[in-house]
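Data block below; observations after.
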Amino acid sequence: MAETENRPTNFIRQIIDKDLAAGLHQQVKTRFPPEPNGYLHIGHAKSICLNFGIAEDYQGSCNLRFDDTNPEKEDISFVNSIQKDVRWLGFDWQGEPCYSSGYFDQLHKYANELIDKGLAYVDFSTHEQMRELRGTLTEPGKNSPYRDTDVATNQREFAKMTAGEYAEGQCSLRAKIDMSSPFMCMRDPVIYRVRFAHHHQTGDKWCVYPMYDFTHCISDALEGITHSLCTLEFQDNRRLYDWVINNISIDCTPRQYEFSRLNLEYTVLSKRRLIQLVDEQHVSGWDDPRMPTIAGLRRRGYTAGSIREFCKRIGVTKMDNMVEMGMLEACIRDDLNVNAPRAMAVLDPVKIVIENYPQDKTETLQAPNHPNDESMGAREITFSREILIEAEDFREEANKKFKRLVTGKEVRLRNAYVIKAERVEKDDEGNVITIFCTYDDQTLGKDPADGRKVKGVIHWVDAAAAVPAEFRLYDRLFTVPNPAAEENFVDVINAESLTVKQGVVERTLSTASVDSGAWQFERTGYFCCDKDSTTDKLVFNQTVGLRDTWAKIANS
RNA sequence: UGGGGUAUAGCCAAGUUGGUAAGGCAGCGGGUUUUGAUCCCGUUAUUCGUUGGUUCGAGUCCAGCUACCCCAGCCA
């Protein structure tokens with residue numbers, strides 16, 4: 001797609017420019033470090049575009065690293081989906097993916113170094129005791145009774161911990177820093193805990209697992225990361241990040257910089273909530289087209305390019321933000337408007353009989369695949385006496401604003417003739433079943449010779465050649481802009497976020513599949529085949545509708 | 001007076017030696033159009049959270065104030 005030309009400029013790139021100018025690094029190295037406990041979402045895309053984008057533009061490199069220090073929450077299926085999604089977005093990492101768990105041996109060695117230096121101790125306090133001694137935001141904490149245990153004892157106890165001689169929760173390894181620090185994370189943080197859990201990478205080798213704060217900075221250093229980019233909530237943790245790096249024997253000094261995470265209106269972007277939506281089956285799965293996950297957006301019909309463009313447009317700052325859905329939608333429309341061939345589909349069909357058109361005649365008409373791009377060619381569509389149009393495109397009477405088919409008036413059939421509605425046939429309940437029309441056989445590819453103006457144009461499908469299809473239309477998943485701010489976000493799930501319609505598409509789409517790409521169904525929106533689609537039963541997802549100024553007029 | 005952060009249009013966001021407010025999305029007005037789409041043209045902050053100060057001149061420097069976000073997991 002036509003992504004905006006100029007390279008992004010943001011405060012992180014400015015820092016890198018300065019570092020490079022100062023000769024601090026030969027090469028920039030970043031990393032994208034997801035925890036494999038869920039699927040990637042559009043917020044991760046922001047981080048991916050930032051980290052991999054910087055690596056590309058500065059001719060450096062970016063690692064993919066699974067931050068897998070909590071085996072209980074993680075799963076191999078997520079490490080697979082994450083790799084797939086990063087690649088799909090158009091990025092690739094240097095060499096094999098990295099794993100924090102791949103550094104467990106070294107991490108353990110560094111923990112021992114801290115113990116040897118008298119900078120870490122094994123604490124047998126319970127969770128409750130630890131919490132009580134931690135103090136509060138405004139009051140300093142108090143030292144644990146185990147804080148002054150001698151080095152030799154700590155060495156022995158940590159070895160026993162590692163050997164599985166203590167139960168989960170019975171003890172933990174803590175860094176000895178400062179119980180009165182204004183940074184809560186510096187009040188002797190736990191750096192190793194006991195977990196008798198099977199790890200998806202290391203199996204049952206370990207029963208002690210390092211904590212994030214201890215692991216992340218060391219992993220960065222081991223990989224030679226120069227700029228470690230994370231989100232704002234880790235700003236305080238930076239003090240601990242630097243403390244660890246400064247107190248162990250490691251020569252690399254990665255720097256952490258924080259940017260604000262993405263918030264998108266009418267959806268949620270926290271792993272916890274997305275997991276809940278899936279587990280409680282409020283959606284069909286991680287790839288439900290209403291989900292803000294990469295898998296969901298992909299199934300919905302969003303292209304990788306449109307997501308990259310979105311990330312470029314929203315920028316990277318430290319400001320809390322709440323981006324409008326319209327921003328994302330504009331990106332996919334810009335892409336598909338240029339790249340999606342046009343076709344005609346009728347989502348809610350009503351029959352038209354053209355009474356002055358020969359009973360047994362069928363014409364083949366040419367329809368351009370793109371109104372502004374001849375290189376996309378044309379396709380053949382058939383026209384005959386009976387056609388289907390959108391029910392909402394007909395009214396028995398209407399004012400002049402309604403530029404569609406009205407009894408007694410004319411309208412242009414897209415790529416075909418001008419027709420005039422003469423009368424209707426209704427069922428017992430008063431629903432219009434058939435609209436009887438006449439057509440002007442002199443209006444194919446040209447305006448009426450007598451100069452009369454026909455304002456409206458509507459789409460249609462030849463009834464005899466129509467292929468039945470299901471259309472799934474999506475609305476926002478939540479009824480409020482910021483569901484995360486709600487007491488219980490599941491209470492504001494939009495019950496009408498999915499609308500299914502049974503209609504028809506033109507014959508040329510009969511072989512459509514999930515690999516066929518996108519179409520613009522003229523006057524309706526952009527669609528792609530769902531993975532549920534088969535040759536017997538076509539199923540289309542509406543990616544996004546066309547901009548609809550008529551809706552504004554009609555609703556005002 | 002716990003600490004760490006952030007405040008530029010409805011939303012996102014440029015603005016880096018102080019020199020007189022980019023751009024995108026949305027909106028509004030008009031033109032083209034066999035998609036009420038696209039495209040095109042025009043328009044949208046005398047003002048940068050607020051109050052003072054320094055200065056010939058401040059979004060940019062200084063001081064005070066206010067609002068919002070994050071931190072008290074053996075989660076990340």
Side-chain angles (χ1 to χ4, degrees), chain A residues 4 6 9-11 14 18 33-35 37 67 69-70 72-73 123 125-127 130-131 134-141 168-174 180-187 189-195 209 211-213 215-216 230-239 258 260 262 265 271-272 312-331 333-334 337-338 342 344 368 370-372 401-404 412-416 418 443 445-447 454-459 520-525 545-554:
Chain A
T4 50
N6 27 338
T9 165
N10 58 53
F11 77 100
Q14 288 169 5
K18 282 196 185 102
E35 181 185 14
N37 67 340
D67 211 347
T69 56
N70 188 353
E72 293 171 318
K73 291 186 174 179
D123 195 326
S125 300
T126 62
H127 293 243
M130 228 184 256
R131 193 185 331 117
R134 186 149 37 226
T136 68
L137 295 177
T138 54
E139 303 159 35
E168 288 185 13
Q170 190 176 166
C171 60
S172 61
L173 182 69
R174 293 228 261 169
S180 61
S181 171
F183 295 98
M184 296 302 290
C185 67
M186 297 296 268
R187 319 246 265 226
V190 169
I191 57 176
Y192 259 93
R193 78 285 217 181
V194 177
R195 272 307 99 95
Y209 291 94
M211 300 288 288
Y212 164 85
D213 286 302
T215 307
H216 206 91
C230 64
T231 44
L232 251 28
E233 64 271 26
F234 293 101
Q235 288 176 116
D236 286 0
N237 300 247
R238 187 174 66 243
R239 278 73 190 184
E258 310 86 9
S260 55
L262 169 67
E265 284 191 342
K271 283 269 191 75
R272 192 208 106 210
K312 191 175 293 178
R313 290 187 190 181
I314 59 174
V316 176
T317 68
K318 300 178 81 135
M319 285 194 254
D320 291 324
N321 60 76
M322 180 64 75
V323 177
E324 294 174 343
M325 264 304 175
M327 189 82 94
L328 219 206
E329 293 174 344
C331 293
R333 285 197 187 104
D334 281 356
N337 174 50
V338 172
R342 314 284 117 132
M344 292 200 282
H370 195 112
N372 313 320
K401 283 184 184 172
F402 188 78
K403 307 192 310 191
R404 306 182 188 189
R412 157 77 63 182
L413 290 176
R414 177 75 168 154
N415 299 128
V418 168
T443 55
K446 57 191 177 191
D447 288 330
V454 178
K455 256 291 172 71
V457 179
I458 62 173
H459 56 98
Q520 182 199 96
F521 291 161
E522 289 189 287
R523 299 212 314 130
T524 302
L546 256 29
R547 260 182 85 243
D548 190 357
T549 47
W550 162 246
K552 289 173 195 160
I553 299 167

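Evaluation of His459(A) against the base of U35(B) yields no stacking contact (centre distance < 5.5 Å, interplanar angle < 30° required). By the criterion of a centre-to-centre distance under 5.5 Å and near-parallel planes under 30°, the ring of Tyr212(A) forms no stack with the base of A76(B).
A sub-4.0 Å separation between OP1 or OP2 of G27(B) and a side-chain N or O of Arg547(A) is present. Regarding contacts with the backbone of U35(B), every side-chain N or O of Arg404(A) stays at 4.0 angstrom or more from both OP1 and OP2. Put simply, Thr136(A) has no side-chain N or O that comes within less than 4.0 Å of OP1 or OP2 on G2(B). For A76(B), one of the phosphate oxygens OP1 or OP2 lies less than 4.0 angstrom from a side-chain nitrogen or oxygen of Thr69(A). In terms of phosphate contacts, Arg272(A) brings no side-chain nitrogen or oxygen within less than 4.0 Å of OP1 or OP2 of C75(B). Here Arg195(A) reaches the OP1 or OP2 of C75(B): one of its side-chain N or O atoms lies under 4.0 Å away. Residue Arg187(A) places none of its side-chain N or O atoms closer than 4.0 Å to OP1 or OP2 of G2(B). Residue Arg134(A) places at least one side-chain N or O under 4.0 Å from the OP1 or OP2 atom of G73(B).
The side chain of Arg342(A) lies closest to A37(B), out of A37(B), C75(B), C71(B).
Residue-level contact check: Met211(A) touches the backbone only, with heavy atoms under 4.0 Å from sugar-phosphate atoms and none from bases. When heavy atoms are screened at a 4.0 angstrom cut-off, Gln520(A) is found touching base atoms of the nucleic acid. Across all strands, Gly326(A) comes closer than 4.0 Å only to sugar-phosphate atoms, never to a base (heavy-atom distances).
To the nearest whole angstrom, the two C1' atoms, one in A13(B) and one in C25(B), are 11 Å apart.
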Using the 3.5 Å cut-off, write out each protein N or O paired with an N or O of nucleotides 9-15 of chain B and the distance between them.
unit_1, atom_1, unit_2, atom_2, d
G10(B), N2, Glu324(A), OE1, 3.1
C11(B), O4', Glu324(A), OE2, 3.0
C11(B), O3', Met322(A), O, 3.2
C11(B), O2', Met322(A), O, 3.2
C12(B), OP1, Met322(A), N, 3.2
C12(B), O2', Ile314(A), O, 2.7
A13(B), OP1, Thr317(A), OG1, 2.7
G15(B), OP1, Gln14(A), NE2, 2.9

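Thr443(A) and Val418(A) get closest at one heavy-atom pair: OG1-N, 2.9 Å.
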